[in-house]
Structure formats: C-alpha cells, structure tokens
Amino acid sequence: MQKAILEARKQEYRPDTTDIANVVLFLAAFVGIWQLVSNIGIFPSVLMPTPAKVIETIARLVTDSSMTVGIGVTMWRLLAGFAMAVGIGGAVGLTMVKFQGFGKTMSSFAVGLLTFPSIAWVPFSILLIGFNDFGILFVVIMASVFSVMTSTYGSIRNVPPIYIRAAKNMGASGFALLRYVMIPAATPSLIMGIRQAWSFAWHALIGAEILITTLYGLGHVLHVGREFNDMSQIIAVMIAIFAIGLLVDRLVFMRLEEKVRARWGLNQHNE
Amino acid sequence: MQKAILEARKQEYRPDTTDIANVVLFLAAFVGIWQLVSNIGIFPSVLMPTPAKVIETIARLVTDSSMTVGIGVTMWRLLAGFAMAVGIGGAVGLTMVKFQGFGKTMSSFAVGLLTFPSIAWVPFSILLIGFNDFGILFVVIMASVFSVMTSTYGSIRNVPPIYIRAAKNMGASGFALLRYVMIPAATPSLIMGIRQAWSFAWHALIGAEILITTLYGLGHVLHVGREFNDMSQIIAVMIAIFAIGLLVDRLVFMRLEEKVRARWGLNQHNE
Amino acid sequence: MAQIEQEYQGNVILELKEVSKTFPQVEKNSDPRRHGVLDRLNLRVREGEFVTIVGTSGCGKSTLLNIIAGLDAPDSGSISAKRDNKNTGKAERVVIFQEGALFPWLTVTDNVEFGLKIAGIPKELRKEIASNFIEMVSLTRFAGSYVYQLSGGMKQRVAIARALALDPQILLMDEPFAALDVQTREILHEQLLQIHKSTGKTILFVTHNINEAVQLGDRIILLSPHTRGIKREIVIDYPKPHDIDSPEISAIRRELLNELQEDFKFAKSHP
Amino acid sequence: MAQIEQEYQGNVILELKEVSKTFPQVEKNSDPRRHGVLDRLNLRVREGEFVTIVGTSGCGKSTLLNIIAGLDAPDSGSISAKRDNKNTGKAERVVIFQEGALFPWLTVTDNVEFGLKIAGIPKELRKEIASNFIEMVSLTRFAGSYVYQLSGGMKQRVAIARALALDPQILLMDEPFAALDVQTREILHEQLLQIHKSTGKTILFVTHNINEAVQLGDRIILLSPHTRGIKREIVIDYPKPHDIDSPEISAIRRELLNELQEDFKFAKSHP
Amino acid sequence: ATSTGSTNTATNNPTTAAEPAQQKTVRIGYFPNLTHAQAVIGLGNGDFQKALGSNIEVKTQIFNAGPSAIEALFANQIDVTYIGPNPAINGYVQSEGKALRIVAGAASGGASFVVRNDAGINSVADFAGKKFSSPQLGNTQDVALRKYLLDNGYKTKENGGNVEVLPASNGDIFTLLVKKDIDGAWVPEPWVAKHVKEANASIFLDERDLWPNGDFVTAHIIVRTEYLNQNPDVIEKLIKAHIDETNWINSHPDEARRVFNEQLQVLTGKTIPDDEFKDALSRLKLTYDPIKDSLVESANAAYDLGYLRQKPDLSEIYDLTILNKVLRERGLQEIT
Ligand SMILES: Nc1ncnc2c1ncn2[C@@H]1O[C@H](COP(=O)(O)OP(=O)(O)OP(=O)(O)O)[C@@H](O)[C@H]1O
Ligand SMILES: Nc1ncnc2c1ncn2[C@@H]1O[C@H](COP(=O)(O)OP(=O)(O)OP(=O)(O)O)[C@@H](O)[C@H]1O
Ligand SMILES: [Mg+2]
Ligand SMILES: [Mg+2]
C-alpha cells in the first residue's frame, strides 16, 4: 500500500516532466523533418530555407533589435487591445445574458461582425481614429471583441440553470450573481472562448501592423520579410509568434485551466 | 387557468416575431445613425458614403454580377475549406482527447498555430499547393483547423465525467462512446466553438482571396474597393459578409443551438 | 390528531391562493402539450410551523417548493409571504434542493459561506458560522474539499449546512435526508427540531419517508397527482419528536399510507 | 441468521482480493494528502446472490461499487469476475449511479435504449424492451420527455429501467430507491425480487435503509469507515421478501443498527 | 477574359498533323496596373496569344502585389511576369542572383510627389515637421521619397529628424490626404491624377525631373532563369509581342485607353475616369527599354537607406540578348 501511495504521488507529478519532454520531442521531430526536406531539396531553397539559415536570421533580427523591439511593441498592443476587448466584450456579453431580446439579436450580429476580416476594419480605423497606434488598437479590439462577446454570452447561457437558481435563492442577484456564480460556473467554457479571442486579436494585430505601418512590431517585421521575399525572415516571425502563443498558453491559459479542472474534478477523465 | 395556458402558449411562440422585429429595429437604428452622420458631414463624403450611395454600389455590383458570383465563389470556398477543417480538426481533436500526452502538447501547439495570421500561411500555400483555388483552400483550412481542434478537445474534456463513466459502464467504448456520448454531451459547447472557427475561416478566406488573386470572390471585390479607394464598395462587401454571417447563424447555428438548448432544459434561464 | 380548521389559527406567514402550474410537455417528434401539476392549490402556513409534505413521485412537491421560494412563477394564483424585518439583506426563503445544487468551483467551506458572503456578513463571522454548521453535519475533516470529492450523503449534508447557515425565516427542504444513513439522519432530525424550537423558523419539509413526515411535522400535507393539489392535511398536536410507535402516530401513519396507496393506484390506471 | 462461513459456499462469480483505495485529498491552500477509503478488502459473491451493502455516509460504498464495475482502479489488490458467455457484447456489470447519470440530450426512451443500441440490438427489439421497462417504472406517459422535465424520483426510475433493460449479469445498484415514495418503492422491491428470482442475476445493492437491506438481501455487508472495509457480514437464510416484523429479522436489524451506531460514534470522534 | 487557370488558347486548331512542332506553355503574370498596360491589353484581348502562335499555350495569372508574384515565380508557378523594379531586385537578391532575369522594360516615369494645397508647402524649405506617405515600405517611391528628403537635408523621425514617412496603401493615402492626416505623398499614377483631382493636392515634384532624360524604370518583364534558358524561342516571341503592343499603344493612345479600361473592367469591375487617365498618361511612358542605370541607382539608394543588407550586385540581373536581337532585326537601337 505504501508503494501504491508512492506511485499515485508520482502520477500526480508526472505531467510536468513528460509534458515538457513531449513538447521538446514534437519540436525536435519538426525541425528534423524540416532539415530533411531542405536537404533533399524538393523545394527551392529561396522558399524553404534551412533551419540554420532561419536561426541566422533570428540572430540578425535580435541583434539589430527589430525582433526584440517588435515583440515588445506587439505584445504591448496585443495586451492593451485584448484587455479592452475582454472588458467591452465581457460587459456586452453579460448585458446580452441579462436582456434576452437584445442577447438573441446581438448574438447573430456578433457572429456577422466577427466574420469581418481586419482588412475591412482598417479603412474605418483610419477614418475614425487615425493612422497610428490607436488605429491599430481599434482594429485589434474590433476583431476580438465580438469573439469575447459570443463566448461570454454562450458560456454563461450554458451554465446549468440549477446553479443560478440556487444562488438566486440564497439572495444573490445582479452583480453578485454574476461575479460569484455565472462567471465561475462558466469558467471552463470561458477559458476556451478566451483562447480563441486571443487568437483573433493576434490575427487582427498582425494584419493591422501591416496595413497601418508604424515601423515597429512583429507584423511589420513579417511584412518586411514578405515585401523583400525574405522567407527566412517570415519563418523567423512565425517562430516568434508560435513561441509567444505557446508560452502564453502554458503560462496563462493552461495553468488557469488545470486549476479550474482540478477543482471541478474534470480531471477524472484522465483516469 | 385557460388564460394562463394561452399566455404561456403565446410566450412559447413569442421569440420568432419579436426576434425579427429586434433585428429590423437594430438595423434601422444603425442605418439611421449612419444617414445622420452623413448628413452632418463630419466626415468628407468621399470617405463616408451615404446609405443611398452604398445601395447604388450594391446594385452595380449585383448587375455586373461581381457580387453574386463573388458570393457564390466565396461561399463555395468557405464551405469546402470549413468542411475539411471541421473534419480534420475534429478528428485530431478527438485523438487529442484519446491520448492525453499528445493532447496536452498539441493543445498548446494549436493555440500557437491558431495565432498565425493567414498572411503567414500564404507563402507556404503557394509553395506547397500553388497559386490557385486549392492554395486558397489550404489557407482557409490552416486558419480554422486549429480552432476546431481546440474547441473539440476543450469541449469534450469539459463534459461531466459522470456521463462518460455511465456510458462506459453500459458497454460503450471507442467510436460508439464518441458518437453517442462525448459529442452529444459536448454539443452546447461545440456549437460555440464552431461559430468561432467559422469566423476564423472567413478571416482567412478574405485574406487569401486578396493575396492569392483569382479575380472572383468577395475578398477580391473588397480588395478592388480598397485599391480604388472606393469606400462604398468596401462597405457593400462588408454588408454582404455581415448578411451572410447573420443568415448562416440564424439558419444553422442558432437553430441547432435552440434545439439543443430545448432538450437540455437550458432555456430555463429565460424564465 | 385533528382535521384542519377552516380558519387556520395563528400568525400566517405564507399564503398561497389558487395557485396553478403547468409545464410544457416538450416531446421528441410531437406537438407540445401542457401537463398540469398544480391546480388551484390553497395553502396557509403559520409562523413557526413545521409542515411536512408527502406525495407520490412526480406529484409536484418540488414544484410547489420552487413556487414558494419564488424560483418558478405559477401560471395563475398568488403567493404572499410576510416579510421579517430583522432579516434584512439575507435570503428569506431558502431551499435545500432535491438534487445537489452545490457549486463545484467552491470548497465545502466556501459553499457554506456563499449565502453569507452575498449577504455581506464580515469574513470572520462568516468563517465561524460556516465552521459551526460544517461541524454539525460532521464534515469538519472535509471543509477544504471540493464537491466532486464528496460522497452522495456528504453532498447532501453540505447543502443542509449551507441553507441553515443562512438562518432564513422560512426553510424549504426538498428530501434533504434522502441520501443519509439512519444514524446521521437521526442526529440531524434532532438538530433540526432543536433549531426549529430555538429559532421559531417556519419549515416546509418534503419527504417520501412517511415516518419522517409524522415524526417531524406539526402538520402533514398530502399532495396528490389525482387532485393536483392538497388531498389531505393532518395536524399532529403532540410534543415532538413524535413517537412513531405510539398508537396515535401509528394511526396517522396508516391513514397516510392508505391515501398514498390510492393515489398510486390512480396514477397506475392513468398512465 | 448465520455467521458467514470461512469457505463460502456456491459458485463464486465475483472475487475481490485485498482491494485498497485511497483518494488524493486536494484541498484549497494545502498540500495534497491521501485519504484512505478501502483497506485490503476481501469479498466473494456467489452467482445469483443478492448482497445488500450498508454503512455510514462516506464510508466507501459507492467507491466499492465503482471498483467492482471497473470504473475506478484500486490502488492495489485484484478483482476477478467470471464471464458469462451468453452475455456477449452486452455490458456485464451495470451500475445504477447514486447521482443521476442520465443523458440530458436523450429522451427517456432513448436513455433506456442507450445500452441496447451500443450492444447492437435491432431497433424493433430495443423499442420493445425499453417500453416494457419504462412501463415497469410507470413512466410510459413520460417516455418522450427529456431529463430536465422529470422529477427527482422519476429520474431515478429511468436510471433503474435503463440498467435493467441491459439485463446484465451483475447489477450494481447504488441507493436506487432513495428518492422514491413508499408505494413505488414497494412495487419496485417486488419487481426486483421477481427479476432476481427469474433471471438468477447477481445483485449488489447499496442502501442506507436498514429495512430495505434486511428485506432484500441474501447477505448483508456492513462497510465501516473504522475498519475501512467489511466490518460485519450477515447471511439471511429465509425466503424472501423477508418479513421485517419477524423476530429473527428484527434481531438482525437491531444488530446492524448497533454496529452502525458504533461506526457513527467512531466517525464523530475522529473528525 | 482571363482568370486563374483558364487558358487563352488560340481559337484555331492548336496542332495539326503536318506541324510536329513541340507544344509549349508560358505562364505570364501581371498586375491590373497602368504600368503593365501592354500585358493588360495584349493578354486580355488575345494579341499575345496570336503573336506567340498556336504551339505555345499562354496562361495568365493576375497578381495584386509584387511579393506574391515573386513567390509564385520561385515556386515555379509562373514563368514570366511584369513587375516593378523593387520586387525584381528583391527576388534577384534573395535567390542570390539565380532565380530571375530582366529581359525587357515596360514602363518609365509615372510617379510624383504630391502635396496638399493647404499644407503650406511651397518649397523644400517647408518640409520641417511634415508627414508624408509612400505606397509601400522600401518600394520605388518610398526609396525615392526618402532619398529626396535626405538629399534636401531632412532626416526622418526614426533617424532623429523632423519629418515623418508613413508607408500606407494607395487607397489609404487618399483617405489620409483628405483627412489632412498627412501633408503629401510620393505616389504612382493614376493616383497622382486622382489626388490632384479629388484630394485637393497638387504636384510638388514630378519624379522625372530627377532623372536624366526624365527616364526611370517603373515596370519591366522578368523571366524565371530556368525557363529563359530552356525556352529562348518563347521569350523571343513574347518580347516581340511586347514591343509591338508598346508601339501600338503609343501610337493609338485613345483606342489604347478604351481597350485598357475594357480589360480593367473585366479584371476589377472598375475603370479609370478618362480625364484622370489622360492626365496620368501624360507623365508616364510605356517602353521596352529597361533603363538599366535607373535601376542600379535606385538599388544603391535602397542600400544607402538600409533596405538592402548588402550592396547589391546586379551585374547578372539583366539578360537583354533576346531583346537586343529583336531590336537588331528591326533596325532599332540596341540597349547596352
Ligand atoms: N421543467 C419542467 N418541465 C416540464 N415538466 C416538469 C418540469 N419540472 C417538473 N415537471 C413535471 O412536473 C411534475 C412534478 O414534478 P416535481 O419535481 O414537482 O415532482 P415531485 O413531487 O418533487 O416528485 P419526486 O418525489 O419524484 O421528486 C412531474 O410530472 C414532472 O415531470
Ligand atoms: N473522486 C474523489 N476524490 C476524492 N475523494 C473521494 C472521491 N470520491 C470519493 N471520495 C471520498 O471517498 C469516501 C467514500 O466515498 P463514497 O462515495 O464511496 O461514500 P459512500 O459510502 O457511497 O457514501 P454515501 O452513503 O454518502 O453515498 C468519501 O470520504 C469521499 O470523500
Ligand atoms: Mg421532487
Ligand atoms: Mg454513495
């Protein structure tokens, strides 16, 4: 029985190590295949640079600080825009829950508006806000706010009614009901929605950084790569985007998710 | 009591009429504000066309059939790409549920890859597939497949474990477990996810139609509008995109959702 | 034992007049019909009274409780309750739901504290009240556990503690002890009677256990699917706990059993 | 009444050897400890035996059932069950869960048919079996209803019908009648004994109702949090249903009550 | 009409038994731009196909921007394309001089520095604190604008100076001018004409004034090197067709405008208003001369501005043997 406990302990801690091993394995396999394809030379090397070439490019971009500054600027814009989108989208989403008629109408509208590509928002952004950082923020917000809205609305509406009834019965209403019941009850689903909204914000931001040029940001570096047909620079930026995505997911979304899942006992799936 | 029943009946049927009224009201208000802003003339009319101008443009685009053909071609690409994304993303998502280690790793990877803007996929699409319709499909698939993947994975993992346990206990496993339990149990959440994936597909498609020119499609019409700085054409395309989004949501997603919600008794929120 | 008087004595705290309730009977592949549960039900409850409610499964006991709690609206009829001024800010009519309505995102302690938090009780006091009631239901050891970690009976006890902690004017208990073993149940009977006596709370207690009903109730109400309302009321004017083996109580017990038998046959013959 | 023999007679269908089970006790803000529920439990069940299991709330009854069903793995020890060759393709050890594990996306009929569908029973036959069992639990009128439309007791009856429809070799029932009124319960007792007799099914039946335990069981097992296992076994060698008022059965009843009392005191003093 | 993958095969019977010549394909890219007028007209109305003969199948591909065209060329999706000078240089440099060759010119001139009439800019001395736009970071106009500013002693903000250059798409530049968010822009035709007509702007400087003879390259034809080596015959026919088309356009300006607009209508559903069109053409010249010197100078300027990481060696970028052969045959002056 001692053994069993020890083993169970081990199992609890297992994920962290195997998990990192998995990630590394995946990446190694990917780079391996890439190197192989480069070696065989099915694709012209201008379009498919070798890993070494890309690393060199990354080094260059870091040295001339366009990558580092780019990441900094882009992250700042992303966080600012996303925070606002979460604030606004969340608030409207909650209002939609509160007022059913508005909710139903707005919910389809949001899907319609969510399908607007960022390129469609850019002209309005330039017109209404201007050709500057705030214009970029506007595009980011417009592209992700409807995603936040739909997930907030949908997630809360999917909360089992019994929780809401119980809370109301215990005197919760208005803000307290929202804060202490609707939102926590919707959290497992909200995390999924927020992940998607985050990606919408990214897409829009890169698009906006290309169209509203401010000379800084990953979108700009990507754009320059494309303009100069420098494939290794494009790949370098993609790697940066991917790495940021992975890190943010690991450090924020996944942590949050694991915590919530543990509380809810959803990890029983694993057994 | 007769009265009560009648009233209750009315309530059940109410949504359909007020709902349409709501939509019309919203749109009317929007057009009204727009007309007002045009009249006041805060923005120069070259940049902010009047509703009448836009209607004229829509008429022109329909007459020269670039709008009708554009919608047709775009919808075809969207449906084809999206269907494949749902197929592939769904399958991988389910595999992720099945193999926990793979799932965890892939889940962060998917978030990373989901953040790739479509412009980043275009060079690969041209390289691997070609500068043609299939290249566009590739971009659409790459942009929405990870969204489908994450929502499938997330939604199924959020299914209360008791359902899975009960089903397993009754002899369900493998495909049957998936088909008859995991997927239906995850449906309320899946619908939300699919809505978002649909929007990702749209974004990518418009982007791809601009970068991979094929002379047909809403993206092309939008691009021409931008190239010729024809704001009314841009707005016309946005209206088309919005209308399609609204219609698809009403006719597909919302119907499905209402049906599911009725079964699950989630509409009790409304009371 | 005495038949209920026309003019019910005492300070009426709760009065239901001609309350009717139907549910839409949404079925797969068939037109929605309505299914009547309560039909012009009248009920007056005296302040401090302990009313037990019995009836065959599906006769509308939970529905009645929900209506009294204000969670469901009746189709017609009125419910009036005397407000207690002492009890400001706190929930007045608290339900212990038949089916666990515990919040899975909170620990046992936090669940029990929930209503107090909503009522704005300071943290220290909250902690103290919660730990008292958790001790009362013998769950001190599990105070920090999450809901999924509890056994069926433990969940039910948490729900009891949660409701009692709120110290409501009217306590609505829907088969609160159904999942508990005899010992625990007996202890809780005692404690409930104790609380009832010392606080003068009004209690409506649904149970399918006739013994429990006659042991605890000042008055027993028999709901019937036949009459869609109160078929029989029996007031028991003996000191509590009523000795189930005494001839008077035994007689009441037998009488109730007969009534139930009748209803049951009725239900069998009207499928 | 007879003490259980060392060498248990008859054809053993199920054997648990030295089964132990602990759970991680995840608590908010504290290190995970483990909480032992079963400790080296041994149990042999004869083919066709009706074993009732009693014990205080939280002593591990549901856990034991889950382990026997193969839904949870023990930390150590072994479970072996004799396979019945007749029963190919169908679930062998079916659980009626303590907490409704009905599928909310299915109607009552579809819920009852679920296991049969999985087993590949043809549609016509399935329909017939399902409607028989639905009639048995008096829910014919609600055959087309969805789960949220049912009362607590109705849900429990659906779960019973669902398990019985599968005609498993071993039936594991976790407080199946807890939410039912006396009449319904009595009818179902009769029907269960009838099924037991005619099909020779092996039944493990958890209940907190001592009367039920002594009325139905060929053998009564008392689980105890004290010993973390079987504290007492009583074989009742009388024709069934056992008359609860007969002196022999009364004696057993009293004995069990005393044992439970002891456990309860133990639990109180070891919080 | 033209579209993806659709084929402009000659209407006459493509192969006959008597003609065993090998069937070849040439895939040509171009943009629906004024500077690619030869292609827009010649590929659109079938002139090129006719000139190339029935043994050569002409496939066309429209592009919206240079990088896509270069990507497609790299990926062996097209063989030939009309393109601006900068994408050609970039493609050449990125492929280490391997992937492509310029075989002929297409257009010269057609870019101007316009300023808002109410921006208070009368001379070079008024640039301080102003904001200007170029259509694309690092493109011809962008390089020209930045170089012009530097030559006149202005540094851009990111280099510690007091003027700003904001690259924006042509459509957005119009918006920014109308909104008065920028004071001027260095743009190609027909945008110069449009800004002058509709955005209350005027030409501050015609870029032709900066170049000897007023000639600088704005578009030319590039060929995938591999294709050029394997199919010089096809390219020769194509260059002939290109020269013929150029001459036809220059000698029939009114009809050319009409045909161009017809084709533009097919490609984009839009036409360029006649007055703008005329105005634009007055500052633009269609030619087959690649104007080598201007490309080299522009590339050097791009290097000076930091757009190219190494000083470009463009020695191999031109392969004018075929063009010169054709010119020789026709008794025209060769390009050196
Ligand atoms: N949301 C609902 N929609 C439709 N029908 C409902 C709904 N809730 C309850 N019912 C129906 O109302 C009737 C009474 O239900 P209720 O839950 O009040 O029964 P109950 O007396 O509490 O039974 P039990 O003892 O089994 O808990 C049942 O027939 C049930 O099917
Ligand atoms: N998933 C879990 N995680 C942690 N602890 C658990 C889990 N499931 C059960 N337990 C613990 O195991 C013990 C036994 O639980 P079990 O559900 O078997 O009790 P039970 O005998 O069925 O009680 P009841 O009569 O109340 O249903 C309880 O103390 C409970 O807290
Ligand atoms: Mg009930
Ligand atoms: Mg249990």
Side-chain angles (χ1 to χ4, degrees), chain A residues 15 18-19 22-23 26 43 47-48 100-102 104-105 108-109 111-120 123 127 147 150-151 154-155 157-158 161 164 188-189 192-193 195-196 198-199 202-203 206-207 210 222 226 231 234 237-238 241-243 245-246 249-250 253-254 265-266 268-270, chain B residues 15 18-19 22-23 26 43 47-48 100-102 104-105 108-109 111-120 123 127 147 150-151 154-155 157-158 161 164 188-189 192-193 195-196 198-199 202-203 206-207 210 222 226 231 234 237-238 241-243 245-246 249-250 253-254 265-266 268-270:
Chain A
T18 54
D19 189 33
N22 273 342
V23 170
F26 254 62
F43 299 112
L47 286 180
M48 177 71 99
Q100 291 290 325
F102 172 66
K104 202 168 173 188
T105 311
S108 305
F109 277 37
V111 174
L113 294 167
L114 184 54
T115 49
F116 281 4
S118 49
I119 197 172
L127 183 62
S147 173
T150 4
S151 0
S155 300
R157 288 211 322 157
N158 283 348
I164 315 266
S189 171
M192 281 171 53
R195 268 199 176 123
Q196 308 250 349
W198 171 252
S199 300
W202 257 110
H203 279 216
I206 298 290
I210 290 173
L222 176 68
R226 228 182 102 73
M231 207 56 193
I234 295 177
V237 174
M238 287 174 84
I241 293 177
F242 179 77
L246 201 71
D249 190 56
R250 294 267 147 172
F253 298 132
M254 209 174 242
L266 286 169
Q268 292 182 297
H269 279 304
N270 298 9
Chain B
T18 55
D19 188 35
N22 273 341
V23 171
F26 254 63
F43 299 111
L47 299 183
M48 173 73 102
Q100 291 290 326
F102 172 67
K104 202 165 174 191
T105 311
S108 306
F109 276 36
V111 175
L113 293 168
L114 184 55
T115 49
F116 279 4
S118 48
I119 196 173
L127 178 65
S147 172
T150 3
S151 2
S155 300
R157 288 213 321 158
N158 282 348
I164 315 265
S189 171
M192 282 170 54
R195 269 197 175 122
Q196 308 250 349
W198 171 252
S199 300
W202 257 111
H203 281 214
I206 298 289
I210 289 173
L222 176 69
R226 256 181 77 73
M231 212 48 188
I234 296 176
V237 174
M238 286 173 85
I241 294 178
F242 178 76
L246 200 71
D249 189 56
R250 293 267 149 173
F253 299 131
M254 208 175 244
L266 286 170
Q268 292 182 297
H269 279 305
N270 298 7

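For chain B, the nearby part of A:Ile206 is the side chain; its heavy atoms alone come within less than 4.5 Å. For B:Met254, the part lying under 4.5 angstrom from a heavy atom of chain A is the side chain only. Only the side chain of A:Ile234 has a heavy atom closer than 4.5 Å to any heavy atom of chain B. Only the side chain of A:Met192 comes within contact range of chain B, with at least one heavy atom under 4.5 Å from a heavy atom of that chain.
Nearest approach of A:Gln100 to A:Arg157, heavy atoms of both residues: OE1-NH1, 4.1 Å. Considering every non-hydrogen atom in both B:Trp202 and B:Ile241, the closest pair reads CZ3-CG1, 4.0 Å. Scanning all heavy atoms of the two residues, the minimum distance from A:Gly265 to B:Pro161 falls at O-CG, 3.6 Å.
Note: B:Asn22 leads B:Asn22, B:Val237, B:Leu222, B:Leu113 in heavy-atom pairs under 4.5 Å with chain A. Of the listed residues A:Gly207, A:Ser155, A:Gly193, A:Ser118, the one with more heavy-atom pairs under 4.5 angstrom with chain B than any other is A:Ser155. No other option in A:Gly112, A:Pro117, A:Ser108 has as many heavy-atom pairs under 4.5 Å with chain B as A:Ser108. Most heavy-atom pairs under 4.5 Å with chain B: of the set A:Ser189, A:Ala243, A:Ala120, A:Gly245, this distinction falls to A:Ala120. Of the residues considered (B:Thr105, B:Val23, B:Thr150), B:Thr105 shows the highest number of contacts with chain A, using heavy-atom pairs under 4.5 Å.
A donor-acceptor distance shorter than 3.5 angstrom exists from the side chain of B:His203 to the backbone of A:Phe116, with no hydrogens or angles considered.
With sequence neighbours left out, B:Phe109 forms a ring-ring contact (aromatic ring centres under 6.0 Å, His included) with A:Phe26, A:Phe242. Shown here are the side chain to side chain contact (heavy atoms under 4.5 Å, CB included) partners of B:Ser199, two or more places apart in sequence or in another chain: A:Leu114, A:Thr115, A:Phe200.
Side chain to side chain, B:Gln196 and B:Ser151 fail the donor-acceptor criterion of an N or O pair below 3.5 Å.
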